[in-house]
Undergrad: 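Here's a structure for you.
Order of listing sets the numbers, starting from 1, for every ligand and every atom in it. Side chains are part of it too, since the values below use all heavy atoms of this structure and drop only hydrogens, waters and symmetry mates. Position 1 is the first residue of the sequence; numbering continues from there.
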Amino acid sequence: MEEKNLEALLEEDRQFIPSEEFHKNALIQSADIYEQGQSLGFWEEQAKQLSWLSPWEKTLEWNPPFAQWFVGGKLNASANCLDRHLQDWHRNKAAIIFEGENGDSQVLTYQDLHREVSKFANVLKANGVNKGDRVTIYLPMIPEAVISMLACARIGAPHSVVFGGFSSEALRDRVIDAQAKAVITSDGSFRRGNTIPLKDNTDIALDGVDCVEHVFVIQRTKQTVQMKEERDLWYHEEMAKASPVCPAEPMDAEDMLFILYTSGTTGKPKGVVHTTGGYMVGVSTTHRWVFDLKEEDVYWCTADVGWITGHSYIVYGPLANGATVLMYEGSPDYPNRDRFWEIVEKYKVTILYTAPTAIRTFMKWGPQYPQSRDLSSLRLLGSVGEPINPEAWMWYYKYIGGERCPIVDTWWQTETGMIMMTPLPGITSLKPGSCTVPFPGVRIEVVDSAGHPVPKGGGGYLAIKEPWPAMLRNIYGDPARFERTYFGNWPGVYFPGDGAKWDKDGYFWILGRVDDVINVSGHRIGTMEVESALVDHPSVAEAAVIGKNHEVKGQALACFVTLKEGIEITPDLEDELKKHVAKKIGALARPDDIFFTAELPKTRSGKIMRRLLRDIAEGRAIGDTTTLADASVVNTLKANYQE
Ligand code: ATP
Ligand code: MG
């Protein structure tokens, strides 16, 4: 990397200071915590909040790029999420409140969850799943997904959760890569009134795959499935025979807890390896402080357990903290577009953690849906997955948070395991579109291509300067790719692949992925600021900006824009949007092309895939699409993209 740094174009000067009320009740009320975060003793203190079977001997062993945390310590993740809450009244506290897409609901207390997990752990053991064996989980968002993960953790069998919306092809790749010994799936899953045949998909995926000995099948939709003799077992039949007593396996802090494949926004997914001790310390600490968790909270993270957000902030973080977790099976527009808000009203949700893609969809639909429900129980909002455009932030703040709830914009990755940059809601002043500052104990900088710090006000690359407890330990089976991908730029420094700027107050702003950076006449521009300038226009719901080859400028800006519902495309609108961008961030960012589209190509977790838009704009064959949510979007775009 030897090009010029990223340029910072957009100015955002709105600020939101924590209310006196929120501040005085917050878990973290003093910025001294950042001071404390500067020594390793900080993470030792946090680790003491967990229950360990044997103490660690050394907090950190750092042989770049390989880190070991809490060396020699022994613990079990499932015991930390369950057993230790059974000592007192918490055993009768709701661990999971489940809402099915069709309106069925179920509550599992910590005691219930402990029993189900112990039974399923015994089922796995009885069927030959041993410590160290990998288990692939391919399920809808039902309590059994959590039960399966914790049952694996209980016996020390690393899980690899594959999002239930993935195709059999994607499942097959992941089963083979992990060499899974067992697969846990269901007959089917409910989706917008239809069913998706997960068991059939699994059968296709496993055709000719010989590592898998058993498939455990949970009954959810009751659709007809083929059960393969010897290989396939019904979950409910096995559970009926199982004992509810299963002591948790003592695991080394550095034993693998799970493998999880990244979203595949920029290319082929990577099998990210997380271990037990550091991960549990990282996710429980961040969950408690970022979400200012109180005993009586009803916490709802809308991610799927198939993503890292689901692993860290539906399962391991919240359950380690003894929280009440709401889990919703279905989509936000079934049966109606107010479903999320109906759920918030019904269960009096206090903390809501969702993604910019969802917020932009709600913006597109209009505020009448949240306005028709009582959202007054909410006290804190969160965002994760992509940069949140300042206008989307404002919409979330106003229509969902009632201008009363702080928003924690959390920057992190599958690889980081835990939230890395975020406000602490009781003490951090918020700026719409900024993920603010690194979490205590985390050292992140904005650097230039040589790895030197960029002064405040400048843009460059994000770099993580020190190891952190929940960091990935490897790419499964491919340490060379691990080293090259994350530590190949600057020795011993982790490179997340995102561009960022930091402002005069030291706040961080993600400018977009380094792979997506656009070079216009020698100016390096991140996608985020141009997209945010477009979303700032009252007609625009969502935008994706790419650089397209240009003879004179090197690259020209091509913008794909989705309008809010009810907005007509007029002949003047294109010009108006170009002018709007030029006015907001300068003439150099004036788009060459604006292309209106009803949908943008996204990964199955909802992230915009700009690389596919570049392929379309430059008339190339479309690259890897296995992680694409809806292939028809790309085909329609390709057919319509004309100049
Ligand atoms: P792949 O690495 O396979 O291309 P991916 O990067 O989308 O996929 P994830 O680990 O799910 O896989 O996503 C992490 C990325 O998401 C970050 O690197 C960043 O680009 C983006 N991101 C997540 N949270 C935020 C946030 N709060 N603000 C800005 N960007 C974010
Ligand atoms: Mg990534």
Side-chain angles (χ1 to χ4, degrees), residues 161 163 166 170 173-174 259-272 274 286 290 301 303-313 353-360 381-390 392-393 396 407-423 430-439 444 461-464 470-472 475 481-482 485-486 494-501 507-517 526-529 531-532 601-612 623-629:
V161 183
F163 171 54
F166 271 129
D173 291 347
R174 288 162 179 71
I259 305 169
L260 182 63
Y261 294 85
T262 54
S263 307
T265 312
T266 54
K268 186 176 177 290
K270 305 164 274 272
V272 168
H274 282 290
T286 48
V290 172
C301 167
D304 191 280
V305 288
W307 312 122
I308 190 67
T309 305
H311 282 58
S312 302
Y313 299 109
Y353 190 29
T354 192
T357 183
I359 298 162
R360 293 185 310 244
L381 304 174
S383 172
V384 61
E386 284 181 296
I388 180 165
N389 314 102
W393 195 103
Y396 194 29
I407 299 179
V408 288
D409 175 3
T410 60
W411 177 90
W412 59 297
Q413 310 180 294
T414 308
E415 295 89 339
T416 68
M418 63 185 229
I419 292 170
M420 298 293 277
M421 289 197 282
T422 176
L430 308 173
K431 300 187 187 187
S434 168
C435 57
T436 73
V437 294
F439 190 80
I444 303 189
Y461 307 92
L462 271 188
I464 310 181
M471 74 189 282
L472 82 166
I475 290 181
R481 187 175 179 204
F482 166 74
T485 309
Y486 305 112
Y494 175 90
F495 177 50
D498 285 356
K501 69 178 182 193
Y507 276 45
F508 288 71
W509 303 73
I510 304 297
L511 296 174
R513 310 207 179 226
V514 170
D515 293 13
D516 293 332
V517 165
T527 50
M528 168 63 177
E529 296 185 314
E531 289 164 3
S532 290
K602 291 184 180 171
T603 62
R604 283 167 210 260
S605 57
K607 298 176 194 231
I608 299 171
M609 285 167 100
R610 294 177 192 76
R611 65 185 164 87
L612 298 185
D624 187 277
T625 56
T626 46
T627 58
L628 189 67

Undergrad: Give the atoms of ligand 1, by number and element, whose distance to some non-hydrogen atom of Asp409 is under 4.0 Å.
TA: 26 (C), 27 (N)
Undergrad: With heavy atoms only and a cut-off of under 4.0 Å, state how Met421 meets ligand 1: side chain, backbone, both or neither.
TA: neither
Undergrad: Specify the protein heavy atom at minimum distance from atom 19 (C) of ligand 1: its residue, its atom name, and the distance to 0.1 Å.
TA: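 Atom 19 (C) of ligand 1 sits closest to the protein heavy atom Asp498 OD2, 2.8 Å.
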Undergrad: May I ask you to decide whether Glu529 forms a salt bridge with Lys501, counting only side-chain N to carboxylate O separations under 4.0 Å?
TA: yes
Undergrad: Give the numbers and elements of all ligand 1 atoms closer than 4.0 Å to a heavy atom of Thr265.
TA: 1 (P), 3 (O), 4 (O), 5 (P), 7 (O), 8 (O)
Undergrad: Any chance the side chains of Lys270 and Thr485 put a donor and an acceptor closer than 3.5 Å?
TA: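 Not at all, the side chains of Lys270 and Thr485 share no donor-acceptor pair under 3.5 Å.
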Undergrad: Keeping the roles fixed (side chain from His274, backbone from Thr414), state whether a donor-acceptor pair exists under 3.5 Å.
TA: yes
Undergrad: Please determine whether any non-hydrogen atom of Lys270 lies less than 4.0 Å from an atom of ligand 1.
TA: yes
Undergrad: At under 4.0 Å between heavy atoms, is it the side chain or the backbone of Trp412 that contacts ligand 1, or both, or neither?
TA: backbone
Undergrad: Below 4.5 Å, heavy atoms only, C-beta onward: do Met420 and Leu462 meet side chain to side chain?
TA: no
Undergrad: When you compare the side chains of Tyr353 and Thr410, does any donor N or O come within less than 3.5 Å of an acceptor on the partner?
TA: yes
Undergrad: Below the 3.5 angstrom mark, is there an N/O of Lys268, backbone or side chain, next to an N/O of ligand 1?
TA: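 No: no nitrogen or oxygen of Lys268 is under 3.5 Å from one in ligand 1.
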Undergrad: Looking at Thr603 and Ser605, would you say the former's side chain and the latter's main chain have a donor-acceptor pair under 3.5 Å?
TA: yes
Undergrad: Is Tyr313 reaching over with its side chain to a backbone N or O of Thr286, donor-acceptor style, under 3.5 angstrom?
TA: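 Such a contact is absent between Tyr313 side chain and Thr286 backbone.
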Undergrad: What do you reckon, does Ser383 have a nitrogen or oxygen under 3.5 Å from a nitrogen or oxygen of ligand 1?
TA: no
Undergrad: With a 4.0 Å cut-off on heavy atoms, does Gly264 reach ligand 1?
TA: yes
Undergrad: Name the option, out of Met420, Lys607, Arg611, that contains the heavy atom nearest to atom 13 (O) of ligand 1.
TA: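 Among Met420, Lys607, Arg611, the closest heavy atom to atom 13 (O) of ligand 1 comes from Lys607.
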Undergrad: For ligand 1, does Ile388 get within less than 4.0 Å through its side chain, its backbone, both, or neither, judged by non-hydrogen atoms?
TA: neither
Undergrad: Of the side chain and backbone of Pro387, name the one, both, or neither that has a heavy atom under 4.0 Å from an atom of ligand 1.
TA: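 Both of them.
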Undergrad: Could you find the nearest protein heavy atom to atom 10 (O) of ligand 1 and give me its residue, atom name and distance?
TA: Thr414 OG1, 2.6 Å
Undergrad: Hey, is the main chain of Gly499 close enough, under 3.5 Å, to the side chain of Arg513 for a donor-acceptor pair?
TA: no
Undergrad: For atom 22 (N) of ligand 1, find the nearest protein heavy atom and state the residue, atom name and distance (0.1 Å precision).
TA: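 So the nearest neighbour among protein heavy atoms is Gly385 O, 3.2 Å.
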Undergrad: Atom 15 (C) of ligand 1: which of Arg513, Glu415, Met528, Glu386 has the nearest heavy atom?
TA: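 Shortest heavy-atom distance from atom 15 (C) of ligand 1: Arg513.
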Undergrad: Considering non-hydrogen atoms of the protein only, which is the closest contact for atom 4 (O) of ligand 1, and what is the distance?
TA: Thr266 OG1, 2.5 Å
Undergrad: Hey, what do you get for CD1 (Ile308) to CE (Met418), rounding to the nearest 0.5 Å?
TA: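 That separation rounds to 12.0 Å.
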Undergrad: Given the side-chain rings of Phe439 and Trp412, with only the six-membered ring counted for Trp, is the space between their centroids under 6.0 Å?
TA: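 That pair fails the under 6.0 Å test.
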Undergrad: Is Ile308 near ligand 1, meaning one of its heavy atoms is under 4.0 Å from it?
TA: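 In this structure, Ile308 fails to qualify as a contact of ligand 1 - no heavy atom is under 4.0 Å.
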Undergrad: Write down the atom of Ile359, the atom of Ala392, and the distance for their closest heavy-atom approach.
TA: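 What the structure gives for the nearest pair is CG2-O, 3.7 Å.
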Undergrad: Where is the nearest protein heavy atom to atom 12 (O) of ligand 1: which residue, which atom, and how far?
TA: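 I find the closest protein heavy atom is Ser263 OG, 3.2 Å.
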Undergrad: Does Glu531 pair with Arg610 as a salt bridge, N-O distance under 4.0 Å?
TA: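 So Glu531 pairs with Arg610 through a salt bridge.
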Undergrad: Does even one non-hydrogen atom of Gly497 get within less than 4.0 Å of ligand 1?
TA: no
Undergrad: Taking heavy atoms and a distance under 4.0 Å, where does Ile510 meet ligand 1: side chain, backbone, both or neither?
TA: side chain
Undergrad: Between Tyr461 and Val517, is a side-chain contact (heavy atoms from CB on, under 4.5 Å) present by the stated rule, with each step listed?
TA: CA-CA 11 Å; Tyr461 307 92; Val517 165; over 6 Å; no
Undergrad: Could you list which atoms of ligand 1 come closer than 4.0 Å to a heavy atom of Gln413?
TA: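 Under 4.0 Å from Gln413, ligand 1 has these atoms: 10 (O), 14 (C), 17 (C), 18 (O).
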